[in-house]
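All remarks here apply to the structure that follows.
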Amino acid sequence: MSEEIYRNTIDWDEYWDEADEAVRADTSPSANLVQAPFLEFLGAQFPDGPDSYADVGCGPGDLVFEVASQYPDATAVGYDSATAVLTENRERAHEQNMDCSFEQALLPEFDPGRKFDVVSCLFTLCYIADIESALETLYDAVEPGGYLVVHYHNQLAQSHFSTIAQSPHEYLDEDSVWNPETFTDRFELVIEGQSLLSYERIHEVLGSWPQSLFSVADSVDPYPAHRHEPLVYVPK
Ligand SMILES: C[S@@+](CC[C@H](N)C(=O)[O-])C[C@H]1O[C@@H](n2cnc3c(N)ncnc32)[C@H](O)[C@@H]1O
C-alpha cells in the first residue's frame with residue numbers, strides 16, 4: 001500500500017504520549033456524545049446482550065470498558081493505531097480487573113481474524129485518507145446479522161470546517177475542544193473533501209443502507225453536530 005493510504009494528519013502516538021487530562025477528555029468524544037445512545041441501541045438490538053463488540057480507533061476505550069462492564073459475558077476488544085493509548089488501556093483493564101482487551105490496528109487495514117456482533121468506529125474516520133477501504137474492512141469484520149456503527153463527516157461538515165479554517169482564531173476560543181493553531185492541519189482530510197461520507201456513498205460501498213442510530217436510541221437527544229457528523233448503523 002502507498003504512504004498516501006496511511007496518511008494521517010496527526011502523529012497519534014506522540015499525541016497520546018503528551019496528552020494531559022484536558023486533551024484526553026477532548027479526544028474522547030464518545031464518552032460524552034455516543035455512550036448513552038450506543039448502549040440504548042445495543043439493548044434494543046440485542047435483548048440478551050451482544051456476544052462480541054469491537055471498537056476501532058478506540059482511544060482511551062470508554063465504550064469498550066462500558067460494554068465489558070454491562071455485558072461481562074461478551075467479548076469486548078478495543079483497537080487503535082497508537083501504542084501509547086493501548087498500553088494505558090491494558091493497564092487500566094488489569095487494575096480494574098476488567099475482561100476486555102486492546103490490540104493494534106492501522107485503518108484502512110483491519111483484519112482481526114474473527115467477526116463481531118457489533119463493530120464501531122467513532123470520531124476516527126475523518127483522519128483516515130482511504131475512508132472507503134476502511135469502511136469495507138470494518139464491515140467485513142461484522143457478523144452476518146450484526147451491525148457496523150460509524151460516526152463520519154459529510155459535506156455540511158466540510159463546508160463548516162472550511163469556514164473555520166479560513167479564520168480559526170475567530171471561531172475557536174479557549175473553550176473550544178479544538179486548538180486554533182492545529183485545526184486546519186488536523187482536519188485537512190475533511191476540508192479537502194477526501195474523508196467524507198454520505199448515506200448514499202455508504203450504501204454504494206457496502207450495499208446496505210445506513211440508518212441514524214438515534215432512530216433506535218430515541219430516548220436520547222442527538223448531539224448538536226449530528227447533521228454534519230452523523231452517527232449511523234449499517235445492518236449486515
Ligand atoms: C479523536 S480519537 C477518538 C477516540 C474514540 N473513538 C472516541 O470517540 O472517544 C481518534 C482515535 O483514532 C485513532 N486512530 C487514528 N488513526 C487511526 C488509524 N489509521 N487506525 C486506527 N486508529 C486510528 C487515534 O489514535 C485516536 O485514538
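Whatever order the structure lists ligands and atoms in, that order sets their numbers, starting from 1. Note that the structure is a prediction, hence the values are computed from the model and not measured.
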Any N/O pair Tyr127/ligand 1 closer than 3.5 Å: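 The answer is no, given that Tyr127 and ligand 1 share no N or O pair closer than 3.5 Å.
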
Could you tell me whether Pro108 and ligand 1 have an N or O pair separated by under 3.5 Å?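 N/O-N/O distance under 3.5 Å: no.
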
Only heavy atoms of [X], strictly under 4.0 Å: list the atoms of ligand 1 that pass.
| X | answer |
| --- | --- |
| Leu122 | 3 (C), 5 (C), 6 (N), 8 (O) |
| Ala105 | 20 (N), 21 (C) |
| Phe123 | 1 (C), 2 (S), 3 (C), 8 (O), 10 (C) |
| Ser30 | 7 (C), 8 (O), 9 (O) |
| Ile128 | 16 (N), 17 (C), 18 (C), 19 (N) |

Among Val234, Val119, Asp117, Val149, whose side-chain contact (heavy atoms from CB on, under 4.5 Å) with Val142 holds?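 Of Val234, Val119, Asp117, Val149, side-chain contact (heavy atoms from CB on, under 4.5 Å) with Val142 is met by Val119 alone.
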
Part of Pro60 within contact of ligand 1 (heavy atoms, under 4.0 Å):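 The answer is neither.
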
Just to check, does Val85 reach to within less than 4.0 Å of ligand 1 when the distance is taken from its heavy atoms? no

May I ask whether Trp16 places a heavy atom under 4.0 Å from ligand 1? yes

Just go through Ala82, Gly57, Ala31 and tell me whose heavy atom is the nearest to atom 5 (C) of ligand 1.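 Residue with the shortest heavy-atom distance to the ligand atom: Gly57.
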
Candidates Leu107, Ile10, Leu86; heavy atom nearest atom 20 (N) of ligand 1 found on Leu107

Note, [X] side chain near [Y] side chain (heavy atom, < 4.5 Å):
| X | Y | value |
| --- | --- | --- |
| Phe123 | Val34 | yes |
| Tyr53 | Leu63 | yes |
| Lys236 | Tyr147 | no |

Identify every side-chain donor-acceptor pair in residues 205-215 under 3.5 Å, counting partners at least two apart or on other chains, and give the distances.
| residue | atom | partner | partner atom | Å |
| --- | --- | --- | --- | --- |
| Ser208 | OG | Pro235 | O | 2.9 |
| Trp209 | NE1 | His203 | NE2 | 3.2 |
| Gln211 | OE1 | Tyr233 | OH | 3.1 |
| Ser212 | OG | Phe214 | N | 3.1 |
| Ser215 | OG | Ser212 | O | 2.6 |

Passes ring-ring contact (aromatic ring centres under 6.0 Å, His included), Tyr171 versus Phe183? Steps please. CA-CA 11 Å; Tyr171 291 100; Phe183 178 87; 9.3 Å; no

Under a 4.0 Å threshold between the charged nitrogen and the carboxylate oxygen, would Glu95 count as salt-bridged to Arg90? no

Of all pairs that satisfy salt bridge (charged side-chain N to carboxylate O under 4.0 Å, His left out), the ones with a partner from residues 198-222, not counting sequence neighbours: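 Passing the test, one end in residues 198-222: Glu132-Arg201, Arg201-Glu204.
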
